[in-house]
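Working notes for the structure below.
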Amino acid sequence: MVSGDGLRLLRSGLRGSRSPMLRIAGWSVLEACPALAAGWVTATAIDRGFLAGRPFAGLGWLTLLGVLYVVRSAAERAMFPHLAEVVEPLRDHLVRRLVESALRQAASGSGSTPDAAGVARLTGQVDSVRGLVATLLRTARPLAATLLAAIIGLVTLNPVAAALVLPPMLLALLVLPLTLRAMSRRFRASVLAEESVAVRTGQVLDARHDIFALGAQDRAAGEVEEGALGYARAGVATARLSAVRILIVFLGGHLPLLGLLLAGPWLVSSGRISAGALVGAVTYVTGYLVAALQALTGSVGGQWIHLGTVLTRLAETTAAPGTSDAPAPAHAPTPEGYELSVDRLTFGYGPHAEAVLHDLSMSVPEDEHLVIVGSSGIGKSTLAGLLAGLAAPDSGTVRLGGADAAVLDDRLRSRTIALVPQQAYVFHGTVRENLTYLNSEVTDAELARDAALLGAKAVIDRLGGLDAEITDPATQLSSGEGQLLVLVRVFVSPARVVILDEATCHLDPPAEARAEKVFADRPGTLIVIAHRIASAHRAGRVLLLDGDRADLGTHGELLVRSTGYADLVGRWRPEDAT
């Protein structure tokens, strides 16, 4: 079944699909018309047509049923455009969620390399969700409408026949969700057992030389065999539970049909039901109720279980720290200015992980030039991501202009704060499209001026000007050239707070000093994650992250009072100070 997180993810993806869903429901009513009328038409054709000696009247009623099936086919065809209006936005939402999660993870400074294979697997899962939702809307939706219509038709046709058929069928429908829930657990256990076999086998193959050197072949083979046996046991348990589906179909479909056929002669002879009504009741059971139970316990149930497993996996793997699928507040606060303030900020990667930042408090006034330094892995990029709103703290608050950054409108926050990571992202397109991505209103003259200020004019000229196509950024641009283009993109943006997270690490020291000076002279706040000690010399203030402590002051003040900062400066290469 679908977990709570999976259901929330599905609901968030279907948000905004109310209108097409209502139109699909309307067509479902027309699709259910044959199921509602089949028994009635059959009974009337027999009782008032063939048994009454009026065969043409009987054929006329059956022709009416054929017309209803034509209406059903037309309704099914008319439903498909509305189906696309549901599943395509759902896919777009899930892909957006996947990409945002990957970008948040990369920008939050976890230090891990993005898993391209994992992203590929997840995009496959997104397509699985799209396909499964589309399939369920095509099958489970009309199936539910058909089942309800057949029950209504049977009850109104003959209550006595309905009393024989419906109690065991309703009992089967009550047992079905319990079976699906158990099947979902077994299916998930089987998937995890299969993954365990793959992991153990991969570990043994990777360590094969050490295993042979230590003579541990039997132990290694035993571990793989143990995983394979676990997978086999999970498969057997799933197969055993699958047998319960046969019992559900027998209980809810075949048993009522058997009872109806056995009691039929007595019911007809006693006048409690007509011959035509008996045939009509059998039509409801064999043509619709049994088929619906078979589909619900078979293909539809399996698709729902598969959908639940995939949605749960997507919800687990794309959740960003401190994020949710809840809609944004109706009245999000509006910052007054762009001063940044941090109050008792604590953040760790996971509930049981040691905090990377602990109880940090500081403020960054408007138009300040701040540099953040510290040893590798100390949490500098993590703090940059928190300040930019790419992650939410475990405790404490980050405020922008007095407003809690965690509840700000995403578009407003992204227009106010720009985080430039170490890896420059240059996409396929023209040079102009790359440079104006954050500000489509900037003119060519302004681009030329700002590119010259940042030292990017030579790069643009070499590429062939603003209209030149960038078809393969990895081969057309060096790492430093890519950083220069991204710096121009951010410089012309409306962002009033710019955070450079080692965004100039591939530039030589003079080019880096030039870029930092240009950004420092630009109206707004500049925060630099230092790559060289010279950045600290140029800043108004320096924030030192040192384990669970932080120290804030000018370069000279920290040299005097902080041995950690003095040691850090001493470890920097002499050429980095230029």
Side-chain angles (χ1 to χ4, degrees), residues 1-2 28-29 31-42 65 68-69 72-73 75-76 79 131-155 157 161-187 190 235-264 278-309:
M1 302 296 283
V2 185
S28 299
V29 174
E31 288 184 78
C33 285
L36 179 65
W40 271 98
V41 171
T42 302
L65 184 59
L68 291 178
Y69 274 103
R72 175 180 177 174
S73 298
E76 288 179 347
M79 179 270 303
L132 287 167
V133 171
T135 301
L136 287 171
L137 284 174
R138 290 197 310 268
T139 56
R141 170 197 52 79
L143 194 64
T146 296
L147 185 62
L148 180 60
I151 291 174
I152 294 174
L154 178 61
V155 171
L157 175 65
L164 287 173
V165 171
L166 293 184
M169 192 203 70
L170 293 176
L171 178 61
L173 290 176
L174 290 175
V175 174
L176 179 60
L178 301 178
T179 305
L180 290 179
R181 189 172 291 110
M183 281 287 296
S184 179
R185 290 195 297 267
R186 298 287 173 83
F187 182 75
S190 178
V236 171
T238 302
R240 286 175 178 170
L241 192 58
S242 298
V244 178
R245 297 183 299 184
I246 301 175
L247 296 177
I248 291 176
V249 174
F250 174 77
L251 172 64
H254 296 142
L255 185 61
L257 176 62
L258 179 63
L260 191 61
L261 293 176
L262 290 176
L278 178 61
V279 175
V282 171
T283 300
Y284 279 127
V285 176
T286 57
Y288 300 98
L289 299 183
V290 172
L293 281 175
Q294 288 174 334
L296 286 174
T297 58
S299 59
V300 172
Q303 290 160 1
W304 180 249
I305 290 172
H306 190 186
L307 176 63
T309 302

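Start at 1 with the first residue, then count along the sequence.
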Kindly indicate, with the supporting measurements, whether the criterion side chain to side chain contact (heavy atoms under 4.5 Å, CB included) is fulfilled by Leu261 and Leu258.
-> CA-CA 5 Å; Leu261 293 176; Leu258 179 63; 5.6 Å; no

Distance from Leu176 atom CG to Leu251 atom CG, nearest 0.5 Å?
-> 11.0 Å

Quick one: closest heavy-atom pair of Tyr284 and Ala150, and the distance?
-> CD2-O, 3.8 Å

Mind listing the closest non-hydrogen atom pair of Ala263 and Leu164 along with its distance?
-> CB-CD1, 4.1 Å

Output for pair (Leu68 CG, Leu36 CG), nearest 0.5 Å, gives 9.0 Å

Closest contact, heavy atoms only, Ala149 versus Ala32 | CB-O, 3.7 Å

Leu137 and its side chain to side chain contact (heavy atoms under 4.5 Å, CB included) partner, picked from Thr139, Thr135, Val133 = Val133

Find the distance between OH (Tyr288) and CG (Leu293) and round it off to the nearest 0.5 Å.
-> 15.0 Å

Roughly how far apart are Met79 CE and Arg141 CZ, rounded to 0.5 Å?
-> 4.0 Å

Closest non-hydrogen atoms of Ala162 and Pro167, given as atom of the first, atom of the second and distance, are O-CD, 3.9 Å

Distance col, row Leu260:CG vs Leu154:CG, nearest 0.5 angstrom, shows 8.0 Å

Search all heavy atoms of Val300 against all heavy atoms of Ala140 and return the closest pair with its distance.
-> CG1-CB, 3.8 Å

Please walk me through it: do Leu147 and Leu296 pass side chain to side chain contact (heavy atoms under 4.5 Å, CB included)?
-> CA-CA 10 Å; Leu147 185 62; Leu296 286 174; 4.3 Å; yes

Reported OG1-to-CG distance for the pair Thr283 and Leu278, which is rounded to 0.5 angstrom | 9.5 Å

Check step by step if side chain to side chain contact (heavy atoms under 4.5 Å, CB included) holds for Glu31 and Thr146.
-> CA-CA 8 Å; Glu31 288 184 78; Thr146 296; over 6 Å; no

Please name the residue in the list Ile248, Val290, Leu289 that meets the side chain to side chain contact (heavy atoms under 4.5 Å, CB included) test with Met169.
-> Leu289

Across all chains, not counting sequence neighbours, the side-chain hydrogen bond (donor to acceptor under 3.5 Å, both in side chains) partners of Thr179 are none

Check Leu257, Thr42, Val165 against Val282 for a side chain to side chain contact (heavy atoms under 4.5 Å, CB included) and give me the one that passes.
-> Leu257

Please report the shortest heavy-atom distance between Ser28 and Ala145, naming the atom on each side.
-> O-CB, 4.0 Å

